[in-house]
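Heavy-atom basis, side chains included; hydrogens, waters and symmetry copies ignored. Numbers restart at 1 for each chain; the letters A, B, ... are given by sequence-line order, proteins then strands.
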Protein chains: 2
Amino acid sequence: MQNLSVDLGERSYPIYIGEGLLQQKLIEPHISGRQVCIVTNETVAPLYLARVQQTLQDYQVDTLILPDGEQYKTLEHLNTIFDRLLELRHNRTTTLIALGGGVVGDMTGFAAACYQRGVNFIQVPTTLLSQVDSSVGGKTGVNHPKGKNMIGAFYQPQCVLIDTSVLKTLPARELSAGLAEVIKYGLIYDAEFFDWLESVMPRLVSGDSECLAKAIYRSCEIKAEVVAQDEKESGIRALLNLGHTFGHAIEANQGYGNWLHGEAVAAGTLMAADLSRRLGWLSEADVERISAIHLAAGLPVLPPASMTEDDFLSLMAVDKKVLDGQLRLILLEAVGRGIVTSEFAPELLLETLSSQLVLARQ
Amino acid sequence: MQNLSVDLGERSYPIYIGEGLLQQKLIEPHISGRQVCIVTNETVAPLYLARVQQTLQDYQVDTLILPDGEQYKTLEHLNTIFDRLLELRHNRTTTLIALGGGVVGDMTGFAAACYQRGVNFIQVPTTLLSQVDSSVGGKTGVNHPKGKNMIGAFYQPQCVLIDTSVLKTLPARELSAGLAEVIKYGLIYDAEFFDWLESVMPRLVSGDSECLAKAIYRSCEIKAEVVAQDEKESGIRALLNLGHTFGHAIEANQGYGNWLHGEAVAAGTLMAADLSRRLGWLSEADVERISAIHLAAGLPVLPPASMTEDDFLSLMAVDKKVLDGQLRLILLEAVGRGIVTSEFAPELLLETLSSQLVLARQ
């Protein structure tokens, strides 16, 4: 087992990473009351719920099984968590455990932030995407029909438990989606990591445990470093959103759940790379590398052909990274160096949108 | 104008108290972006909305008018705030202004806590109850059919603006409801203030500006002192809930909005006083004084005759002050000295419930 720490003063917490951690009694020391509610979904429950329950025999353990999918990440389904907790009389000392992917983690974390004005929670991510990204850093929330993650809270867990062996049951499409976020860390922060990812991508895609563990560890390490510097995203943390502003527009336009988050981020990253090239920051060869690694990861590199420039512009205008009317984007100054900027001519953004959409329609 | 400060480190903020403050440009220095959304209700809007709008001519000022009443303090109506903000493309630098009573303040504050994971907000309370209690201290939230304020956040405003002249349009019943919380501060914290309240109660009830201003100032001062010591209610802050555990049960049982919050708190305070007497802490004369001051304030001193002991026990069991199955109550060791305790025989609580219910049914 490897340990990392997210350093946030009194809100600091550990990340445990390793094989077979679900069976170990790692959660218990992070529970302070006698009540626990495990929130999971219909896909994960039959695979791993019993395993986690078995490590918590000394507690009142209740469970809630949500439907599986981004389309259920709504205020309405959030309310089913509150219903359950109140029905079973969970009090302020209860601990919620999120056992599942990003949707389960984001919703459970937000429910914990709001239930009785805040109870403890623990992240047990079961997809690659949630292991390398959404479970770490305290971003929680639900979607709104007009925008992704528009309603939520910064709320940190007590610990994050990453059992890498659960990836063995993860569908290939989901593994690829998670790799989009792994590639992101290389692109914005660590050129050497990106080089390594290029060299081992076939092994990652085939589920090689050792490579995946290494990729997860380095991804979490970068995320923890960035979050510790800027918990509430007033600066550097925004880098983690490379490809996300374009990606959120794709997700919202296509209907949540049709494009996986990682798939939309991949197409969005290529749009950011294209714009970075137009600004003279990336070379054609850089963009080619970025495209190639996403293709090797089994990810889309173009937006949906059904979308228009206007779709993008209108959905991107409500993005959380808009400040006083100015759209800010995460772009790349080089492979391994992201930048948050609104210093780009709107014409260039339009050129990126139309050129990518033209390619998508071919 | 008088100023107070709620001292919470980097989350500290001022409370302004005085006549005619709505017309003054006191809000402006607390707005950081260019967008503002004033959330108010259908009762308050025709009276005071234009007045506040006029002080904000340099901003994009949008408004949302909610229906008036505790029964609308739900997740569903909270969502109408998000709808409006997204529709009008409010970004992360927006400021929400809560112009209204406790319901508007609690909902707007919670919406601010959650919108794009947190934006600024300002409290402009227009009822006595919200001026002396709910606008100060950062408790925000909505009700759930199974319990009051069960979903929410601790989230502090940028400032609180208390214009005492708005009380001239406040219905007598609402003024009385606010006095319940004023009396509470005397009971839990300041015997001298309680003595003074007894002596001026007829003037308070008749709307005497000078007396009301003094009562508001001292109430806010006590609240600010308590909140500064214990922002998230792990200790002393719970004292502010005198009468509230019983009161919440009454509100939930009777349907939100039928009993005003202050009315339920008044009946609940008398139940807490009765239990304190059974524990030998208060004398019969003390209880008599507490009853008399509530009657003088135009408040109920008995619970609804339609309720049963079981109604109370079952609704009180989900109260936020239950810890690991143990019901904690705020009781009185003396007039002017509250205590948070679970050290009471359950039989005594039952005696209190049945004796008060018997009296209510007479």
Side-chain angles (χ1 to χ4, degrees), chain A residues 32-35 59-60 74-76 78-79 81-94 110-111 113-119 138-155 231-234 238 314 317-328, chain B residues 32-35 60 74-76 78-79 81-94 110-111 113-119 138-147 149-155 231-234 238 252 314 316-328:
Chain A
S32 48
R34 306 309 310 159
Q35 297 177 307
Y59 299 86
Q60 172 194 331
T74 62
L75 216 46
E76 191 192 334
L78 183 78
N79 204 21
I81 306 182
F82 300 133
D83 289 343
R84 184 100 180 126
L85 292 171
L86 283 165
E87 184 195 320
L88 298 168
R89 304 206 163 167
H90 280 251
N91 63 49
R92 264 190 200 174
T93 66
T94 191
F110 188 39
C114 300
Y115 185 65
Q116 303 209 9
R117 298 202 187 90
V119 299
K139 278 197 184 179
T140 71
V142 295
N143 298 328
H144 183 280
K146 287 205 198 308
K148 195 172 153 83
N149 294 327
M150 280 291 158
I151 305 163
F154 287 98
Y155 198 71
E231 184 181 6
K232 301 216 169 150
E233 199 168 309
S234 42
S314 125
V318 294
D319 188 87
K320 290 195 289 303
K321 283 166 288 300
V322 172
L323 287 182
D324 280 328
Q326 273 227 304
L327 178 65
R328 292 185 312 151
Chain B
S32 49
R34 305 311 307 160
Q35 297 178 307
Q60 174 194 332
T74 62
L75 217 45
E76 191 193 334
L78 183 78
N79 205 20
I81 306 182
F82 300 134
D83 289 342
R84 185 100 179 125
L85 292 170
L86 283 165
E87 182 196 321
L88 298 168
R89 303 204 163 169
H90 280 251
N91 65 49
R92 262 190 199 174
T93 66
T94 193
F110 188 39
C114 299
Y115 184 65
Q116 301 208 11
R117 298 201 186 93
V119 297
K139 278 197 183 177
T140 72
V142 295
N143 298 327
H144 184 280
K146 287 204 198 308
N149 294 328
M150 279 293 159
I151 305 162
F154 287 99
Y155 198 71
E231 183 181 6
K232 300 217 169 151
E233 197 167 309
S234 42
S314 127
M316 287 162 72
V318 293
D319 189 88
K320 289 193 291 302
K321 282 163 291 298
V322 172
L323 288 181
D324 280 328
Q326 272 226 303
L327 179 63
R328 291 184 312 150

*For a side chain to side chain contact (heavy atoms under 4.5 Å, CB included) with B:Lys146, tell me which candidate from A:Leu85, A:Leu86, A:Asp83 qualifies.*
A:Leu86
*To the nearest 0.5 angstrom, please state how far the CG atom of A:Asn91 sits from the CD atom of B:Gln326.*
11.0 Å
*Toward chain B, the part of A:Glu87 with a non-hydrogen atom under 4.5 Å*: both
*asked:* Using the rule given for side-chain contact (heavy atoms from CB on, under 4.5 Å), can you reason through B:Glu76 versus A:Leu75, listing the C-alpha separation, both sets of side-chain angles and the distance that settles it, and then say yes or no?
replied: CA-CA 9 Å; B:Glu76 191 193 334; A:Leu75 216 46; over 6 Å; no
_Report which part of A:Thr94 has an atom under 4.5 Å of a heavy atom belonging to chain B: side chain, backbone, both, or neither._
neither
*Side chain, backbone, both or neither of A:Phe110 within contact of chain B (heavy atoms, under 4.5 Å)*: side chain
*Side chains of B:Arg92 and A:Glu233: does their closest heavy-atom pair fall under 4.5 Å?*
yes
_Quick check for you: to the nearest 0.5 Å, what is the distance between A:Arg117 atom CZ and B:Asn149 atom CG?_
5.0 Å
